[in-house]
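A short write-up of the structure that comes next.
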Amino acid sequence: MDFKEAQYTRPDFADIKARLATYTKGLQTADDPATALAAVTAANKLINDYTSQQMLASIRHSIDTTDDFYNKENDYWNANGPLYENEERKYKAAVVSSPYQKEIGQIYPKPDLMAMKNDLKMANEAIIPLQQQDNDLITQYDKVIASAQIAFQGETLTLAQLGPYRQSPDRATRKAASEAYWGFFADHEADFDRIYDQMVQVRTKIAHTLGYDDYSQLSYVYMNRFGYDEKMVAQYRQTVRDKVVPLTQKQYAKQAKRLGLAKLAYYDLPVAFKSGNAQPQGTADELVAAAQQMYNELAPETGELFAYMTKNHLFDLLATKGKMSGGYCEYIPALKAPFIFANFNGTSGDVDVLTHEFGHAFQTRMASWIKDGLSVFPTSEAAEIFSMSMEFITYPWMAKFFGDAAEKYKYNHLEAALEFLPYGILVDHFQHEVYTHPDWTPAERKACWRDLEKQYNPERDYSENPALDRGIYFFRQAHIFEIPFYYLDYTIAQVLAYEFWKRFDVDHDPQAWSDYLAMAKAGGSQTLMELIKTGHLASPFEPGALDDTLIAISQALDGVDDQTLDK
C-alpha cells in the first residue's frame with residue numbers, strides 16, 4: 001500500500017479493550033488447540049492493527065511536528081499508549097500460561113514469549129501515570145529539538161541543515177557553524193536540564209514501584225537482554241576502553257596531521273580531510289536512483305524491496321523545518337512494509353541512511369513470514385547488526401555515490417565506525433551512572449558526562465567552549481532522552497558488523513551473504529545469541545573476541561596512505 005494513502009483512524013479504546021478481553025477469555029477457556037490458536041490469531045491481528053495506527057500517527061508527527069492534527073494524536077498516544085499496554089499484559093498473561101504453547105508458537109516465536117514474560121514483570125497499573133508523564137517529557141524534548149531555527153550565513157537552518165557547514169574544509173566556517181549548533185543547546189540548557197531531571201525521577205519511580213533497585217537494573221528487563229547480564233556488559237565496556245580507545249587516539253593523531261593541525265579542536269573532529277569529507281554527488285532523487293542500481297546488483301531481494309519502497313512512498317528523506325532530528329526505520333504490520341525516515345543534508349550521512357536504515361528494512365522484509373508483526377524485528381541489539389553490516393556490505397558500490405572520492409569515504413567510514421565504539425559505550429556507561437545516582441543534580445550529571453568523555457573520548461578539547469566543557473554534549477543524543485539504554489545495542493551490533501566487514505571486504509568469504517540472509521530471515525524468531533550462531537559469528541562477550549577484528553581494522557587503516565586521499 002502507498003504510505004500516502006494509508007488511512008489513520010484513532011482506535012476506540014473501549015472497543016479495543018472489550019475485544020481483547022474477549023479473545024483473552026477465549027484463550028483462557030480453550031479446551032483444545034484449535035480454539036486456543038483461533039483466539040491468539042484474532043488477538044494478534046487486533047494488536048497489530050491498532051499498533052499500526054499508533055505508528056502512522058508517530059511517523060507523521062515526526063515528519064512535521066507543527067501539524068496540529070498529528071500533534072493531538074501524538075498527545076493521545078502519550079496518554080493512552082500505557083493503557084493499551086496494560087490491557088495487552090492481561091492478554092500476555094493468558095498466552096504464557098496457556099497449556100497450548102506448541103500451537104501458540106505458530107504465532108509467537110520463542111523470543112516473543114520470553115519478551116512477554118519480561119513485560120509481565122512490569123504489570124502494575126500504578127506505573128501508568130508515570131509512563132504517561134515520561135511520554136509527555138519525550139515529546140517536550142522532541143519539540144525543543146525540532147524548534148531549532150538557527151540564523152547562519154544569511155539563512156535560517158535546522159540542526160540537521162547545519163551539518164554541511166560543521167563539516168566545512170574552511171576552519172573558520174566549521175568553527176562558526178559548530179558554535180551556532182552548540183549555541184542552540186547552551187541557550188536551551190535549562191530546558192534540557194529540566195526535562196532530563198524529570199525523566200530520571202519518573203523512571204526511577206517506575207523502577208522502584210516495580211521492585212527494582214534502580215532504572216538501570218530494570219533496563220535489562222524491558223530491553224530484553226537475553227543471554228548476557230550487567231557483569232558481562234561491564235567487562236565489555238572495560239574491553240572497549242582498554243583496547244579500542246588507544247586505536248582511536250592513533251586515528252585522531254593521523255586526522256590532525258591530515259588537517260595540518262598540531263591538535264584537534266572540538267570543531268575539527270567532524271572533518272576527516274583538509275580537502276573536505278567525501279560528499280555524495282547528485283540530488284536526493286539521484287542518490288535514490290543510485291541506491292536502486294546498487295541494490296539491484298547486490299541481490300534480487302534487495303532490488304525488489306527498494307523499488308517497492310520508492311514506488312509506495314515509504315521514504316521521507318529530506319531535512320525540513322519542523323521535522324524531528326535523526327533517522328529511523330519502522331515496520332508497520334498492517335502494511336506489511338517498512339518505512340524509512342531521514343534528514344538528508346548533503347553530507348555522507350545521506351548515503352549512510354540509504355545503507356543503514358535499508359539494512360533494517362531488508363531484514364524486516366525477509367522476516368515478514370513471522371505472523372506477529374511486532375516480532376519481525378529481533379531484539380534491538382540484534383536488529384542493529386543488519387543495518388550496520390549493510391553499511392559495510394555496500395562498500396563495492398560507493399563510487400555510484402561518491403565518484404573518485406569513494407576510497408576517501410570508505411576510509412573515513414571504517415575509521416568512524418571504530419571511533420563510534422568508545423562513544424557508544426560512553427553513552428551506556430553515563431546512563432548507568434545517572435540511574436544508579438538518581439539524586440544527582442543536573443550539574444552533577446553533566447560533570448559525570450564530562451568525566452566519562454575524558455576516559456572514552458579524550459580527543460575532545462572543549463577549551464574554546466565552556467558549555468561543552470561543563471558537559472552539555474549529551475543533550476543532542478536523543479536516545480538518552482527517548483530510548484534509555486538503547487545505545488549499548490549499537491556497540492554490540494557494531495562489533496558484529498565489523499565481523500561481516502572482515503568476511504565481505506577482507507576475506508571475500510563466499511558464505512558471508514548466505515549467513516547474513518539466514519540471520520535476516522530468522523529475525524525475531526531467534527535471540528541475539530542464536531542469531532550469532534546462525535550467522536557463524538563470534539560473540540562480543542567472549543574473552544578476546546575483539547582481538548582479531550581490531551587487528552584487521554588496524555591493518556586496513558594502516559594499509560592506506562591517508563595523506564594521498566586528502567586531495
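Along the sequence shown, residues are numbered consecutively beginning with 1.
Taking the ring-ring contact (aromatic ring centres under 6.0 Å, His included) definition, one finds that Tyr84 meets it with Phe13, Tyr50, Trp77, sequence neighbours left out. Applying the salt bridge (charged side-chain N to carboxylate O under 4.0 Å, His left out) criterion to Asp197, with sequence neighbours excluded, gives Arg445. When the side chain to side chain contact (heavy atoms under 4.5 Å, CB included) test is applied to Tyr220, the partners found at least two apart in sequence or on another chain are Arg225, Glu230, Val233. Among residues two or more places apart in sequence or in another chain, the side chain to side chain contact (heavy atoms under 4.5 Å, CB included) test is passed with His313 by Asp2, Lys4. Taking the side chain to side chain contact (heavy atoms under 4.5 Å, CB included) definition, one finds that Met232 meets it with Tyr228, Asp229, Phe541, sequence neighbours left out. Considering only residues two or more places apart in sequence or on other chains, Tyr328 meets the ring-ring contact (aromatic ring centres under 6.0 Å, His included) condition with Phe341. Taking Asp75 as the reference, nothing meets the salt bridge (charged side-chain N to carboxylate O under 4.0 Å, His left out) condition, with sequence neighbours excluded. For Tyr308, there are no ring-ring contact (aromatic ring centres under 6.0 Å, His included) partners two or more places apart in sequence or in a different chain. Remark: His61 engages no residue in a ring-ring contact (aromatic ring centres under 6.0 Å, His included) (not counting sequence neighbours).
Within 6.0 Å of CD in Glu304 there are 12 or fewer heavy atoms belonging to other residues, nucleotides or ligands. Applying the 6.0 Å contact sphere to NZ of Lys90 captures more than 12 heavy atoms from other residues, nucleotides or ligands.
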>> Test side chain to side chain donor-acceptor pair (under 3.5 Å) on Asn118 and Asn224; report intermediate values, then the result.
In response: CA-CA 7 Å; Asn118 267 354; Asn224 292 318; 3.0 Å; yes
> Passes ring pair (Phe, Tyr, Trp, His ring centres under 6.0 Å), Phe339 versus Phe315? Steps please.
Replying inline: CA-CA 6 Å; Phe339 180 90; Phe315 293 101; 8.1 Å; no
> Does the pair His479 and Phe485 meet the rule for a ring pair (Phe, Tyr, Trp, His ring centres under 6.0 Å), with working shown?
Replying inline: CA-CA 8 Å; His479 299 74; Phe485 291 99; over 10 Å; no
>> Could you go through Tyr516 and Phe386, starting from their C-alpha distance and side-chain angles, then the distance that decides it, and tell me whether this counts as ring pair (Phe, Tyr, Trp, His ring centres under 6.0 Å)?
In response: CA-CA 8 Å; Tyr516 179 86; Phe386 303 98; 5.7 Å; yes
>> Run Tyr295 and Phe358 through ring pair (Phe, Tyr, Trp, His ring centres under 6.0 Å) and show every step you take.
In response: CA-CA 10 Å; Tyr295 286 121; Phe358 187 75; 4.2 Å; yes
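For the atom pair OG1 (Thr320) and CG (Asp316), the distance works out to 6.5 Å, reported to the nearest 0.5 Å. The OH atom of Tyr222 sits 13.0 Å away from the CG atom of Asp119 when rounded to the nearest 0.5 Å.
Aromatic ring pairs are classed by plane angle as parallel below 30°, tilted from 30° to 60° and perpendicular above 60°; the pair Tyr487 and Tyr423 is perpendicular. Between Tyr331 and Phe377, the ring planes lie perpendicular to each other; the angle is over 60°, past the 30° to 60° tilted range. A perpendicular orientation is assigned to the rings of Tyr395 and Phe392, their planes being inclined by more than 60° (bins at 30° and 60°).
The two residues Ala522 and Leu531 make their nearest non-hydrogen contact at CB-CD2, 3.7 Å. When every heavy atom of Ser525 is checked against every heavy atom of Pro109, the shortest pair comes out as CA-CB, 3.5 Å. For Ile127 against Met122, the heavy-atom pair with the smallest separation is CD1-O, 3.5 Å. Closest approach of Leu37 and Ile107 over heavy atoms only: CD1-CG1, 3.9 Å. The nearest pair of heavy atoms linking Phe475 to Phe481 is O-CE1, 3.6 Å. Closest approach of Ser52 and Asn48 over heavy atoms only: OG-O, 2.7 Å.
Screening residues 513-533 for salt bridge (Lys or Arg N to Asp or Glu O under 4.0 Å) gives Arg503-Asp515 as the qualifying pairs, with residues at least two apart or on separate chains. Screening residues 365-375 for salt bridge (Lys or Arg N to Asp or Glu O under 4.0 Å), with sequence neighbours left out, gives no hits. Within the structure, ring-ring contact (aromatic ring centres under 6.0 Å, His included) pairs that include any residue of residues 102-130 do not occur (at least two apart or interchain).
Checking side-chain atoms of Glu384 against main-chain N and O of Ala493 turns up no donor-acceptor pair under 3.5 Å.
Ion pair Arg203/Asp134 flagged as a salt bridge, since at least one NZ, NE, NH1 or NH2 atom sits closer than 4.0 Å to an Asp/Glu carboxylate oxygen. No salt bridge links Asp67 with Arg60; every basic N to acidic carboxylate O contact stays at or beyond 4.0 Å.
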